[in-house]
Each structure stands twice: as structure tokens, then as C-alpha cells.
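A quick write-up on the structure given underneath.
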Amino acid sequence: RASAEVPADLVGRHVVISAGGTREPLDPVRYLGNRSSGKQGYALARTAAARGARVTLVAANSVLPAPAGVDVVPVETAVQLREAVIKAAADADAVVMAAAVADFRPAVYASGKIKKRSGVDPDPVALVRNPDILAELSTDRPRAGQIVVGFAAETDDVLANGRAKLARKRCDLLVVNEVGERKTFGAEESEAVVLAADGSETPVPYGPKEELSDTVWDLVALRFP
Ligand code: CTP
Ligand code: CA
């Protein structure tokens with residue numbers, strides 16, 4: 001959008017966005033992680049700020065520069081991300097979970113570096129589940145009328161998987177991306193369908209992450225009480 005047409009429809013609103021990918025430590029030097037770049041979450045933060053919102057960006061391991069005027073809260077693990085998002089959500093009008101949250105973390109953290117021993121096979125890594133932050137936020141909304149948005153990358157029957165996930169998580173909107181060619185992690189552009197709990201579907205053609213972000217904010221603003 002040209003700056004002259006940026007709506008000021010988020011003035012007076014506080015929005016919380018999670019971005020990046022969590023890292024779950026095995027020992028002081030190793031972690032289980034994922035390839036999320038944080039670009040989509042940062043684009044959501046920039047566009048929300050441009051539309052007048054107060055923005056809290058809970059950023060998991062992203063190396064991107066902090067957007068101007070945005071309050072960035074750095075975190076590493078899913079447990080830390082949950083703490084930070086739930087704290088910021090207390091007075092938020094909308095929460096958008098763009099972060100790739102690890103579903104599992106190592107069951108034990110070795111406080112010293114794990115060493116190899118000659119002739120001894122390594123132990124398997126036991127995992128435990130991380131909290132589902134999106135489901136928790138959607139179920140126990142700290143504010144009546146708070147809008148909760150999730151993201152999902154899917155393969156195969158993308159829309160059916162997305163619909164099932166939207167229902168399971170109980171969020172208001174779920175941005176569904178198809179993973180595959182051109183649609184890789186770290187890309188500058190994306191293509192998506194935004195599914196809503198009211199049954200509507202908004203396709204967003206392949207384009208800059210800012211455009212998808214603006215569509216998300218349009219749909220969020222429409223749902224504010
Ligand atoms: N999410 C979350 N907490 C988790 C896992 C995911 O809040 N422990 C959020 C993500 O930030 C995203 C949405 O849930 O907004 C969907 O993530 P996804 O990994 O697609 O959902 P899962 O329920 O983990 O399903 P899957 O088994 O397909 O990974
Ligand atoms: Ca997952």
C-alpha cells in the first residue's frame with residue numbers, strides 16, 4: 001500500500017505478535033530448533049505500527065532489526081515465549097502467533113556439555129511436549145473480545161488440515177500456508193488463505209509478507225468488538 005492510504009484503524013489498540021522460532025536446549029551449547037526466519041512476524045509488527053497500534057513483538061531467536069517504535073521482547077524457548085506472550089496479552093486487543101513454536105523439548109537439560117565416549121553409542125534424546133500457547137490463549141482469553149490469530153504451514157490437503165486446526169485451537173483466524181516449492185522458510189514472499197472461525201476464507205495471492213500482514217490486520221480490525 002502507498003503510505004497515503006495506510007489506514008489508522010489500529011490507533012489505541014495494543015497488539016502482541018510472536019515471531020521467529022524457539023530453541024530448546026539440550027546442553028549449554030546445543031539446541032533443537034527450526035528454520036523460521038521471523039520475517040512474517042516482523043512484517044506484522046511493522047504494518048501494525050504503521051496503522052497506529054502499540055506493538056509488542058515477542059521475538060524468538062530472530063536476528064532481524066527491531067522495527068521502529070515496536071517493543072521487542074527477546075526469548076529463546078517455548079516456555080519463555082509462553083510467559084512473555086501471556087504477560088503482554090493481559091491488556092492486548094489482538095494476539096498473533098506467527099512464531100514457530102517447538103512442539104517438544106528435551107526432557108532433560110544437561111548443565112554440562114554432553115561429551116562423546118569412545119566406543120559408546122549415544123543415548124537417544126527423550127522429548128516432552130511443550131505447552132500449546134495458541135490453544136491456551138484462545139481458550140482462556142484474558143480480555144473479552146480479544147482476537148487470537150494463528151499461523152499454520154501445511155502440506156497435502158492444506159485447507160482441510162487448516163480447518164481442522166482452526167477448530168482444534170479455537171482461534172478466530174488461522175493463516176494457512178502451503179509448504180512446498182517457492183514456499184520455503186526464509187522466503188521474502190508468501191501465499192496464504194486466511195480461515196476464520198465464522199467460516200469465511202480469504203485467499204491472499206503470492207506477494208510480499210507486508211501484503212499478507214495487512215490482510216490479517218484488515219480481518220482483525222473487522223472483528224474488534
Ligand atoms: N503453536 C503454539 N504453541 C505450540 C505449537 C504451536 O502456540 N506449542 C502455535 C503456532 O505459533 C501457530 C499455531 O499454533 O500459530 C499452529 O502451529 P502448528 O505447528 O501448525 O500447530 P500444531 O498444533 O503444533 O500442529 P502440528 O502437529 O501440525 O505441528
Ligand atoms: Ca507444531
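Order of appearance sets the numbers: ligands from 1, and atoms from 1 within every ligand. This chain uses plain numbering: 1 for the first residue, then up along the sequence.
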Fill in the blank from the handout: Quick note on ligand 1: atoms under 4.0 Å from a heavy atom of Asp103 include exactly 5 (C), 24 (O), 29 (O)
Exercise for the section: Say whether Val101, considering both its backbone and side-chain N or O atoms, lies within less than 3.5 Å of an N or O atom on ligand 1. Expected result: no
Extract all donor-acceptor atom pairs below 3.5 Å that involve side chains of residues 84-92 and protein atoms in other chains or at least two apart in sequence.
| unit_1 | atom_1 | unit_2 | atom_2 | d |
| --- | --- | --- | --- | --- |
| Asp91 | OD1 | His14 | ND1 | 2.7 |
| Asp91 | OD2 | Arg54 | NH2 | 3.0 |

Problem - Heavy atom of the protein closest to atom 3 (N) of ligand 1 (residue, atom name, distance) - result: Ile133 N, 3.1 Å
Exercise for the section: Pull out every atom of ligand 1 sitting under 4.0 Å from any heavy atom of Pro131, numbered as shown with elements. Expected result: 3 (N), 4 (C), 8 (N)
Problem - Identity and distance of the protein heavy atom lying nearest atom 21 (O) of ligand 1 - result: Lys165 NZ, 3.3 Å
Problem - Residue and atom name of the nearest protein heavy atom (relative to atom 12 (C) of ligand 1), distance in Å to one decimal - result: Phe151 O, 2.9 Å
Practice task
Without swapping roles, check the side chain of Asn61 against the backbone of Gly21 for a donor-acceptor pair under 3.5 Å.
Solution key: yes
Practice task
Give yes or no for whether the N/O distance cutoff of 3.5 Å, strictly under, is met between Ala99 and ligand 1.
Solution key: yes
Practice task
Nearest 0.5 Å please: distance from the CG atom of Leu173 over to the CG atom of Leu166.
Solution key: 8.0 Å
Problem - Of the listed options Val176, Asn177, Leu134, Val149, closest to atom 7 (O) of ligand 1 (non-hydrogen atoms) - result: Leu134
Exercise for the section: Could you tell me whether Arg170 atom CZ has more than 12 heavy atoms of other residues or ligands within 6.0 Å of it? Expected result: no
Problem - Closer than 3.0 Å to the Ca ion (ligand 2) - protein N, O or S atoms, ordered by chain and residue number - result: Asp103 OD1, Asp103 OD2
Problem - Selected option - heavy-atom contact closest to atom 6 (C) of ligand 1, from Lys169, Glu154, Met97 - result: Lys169
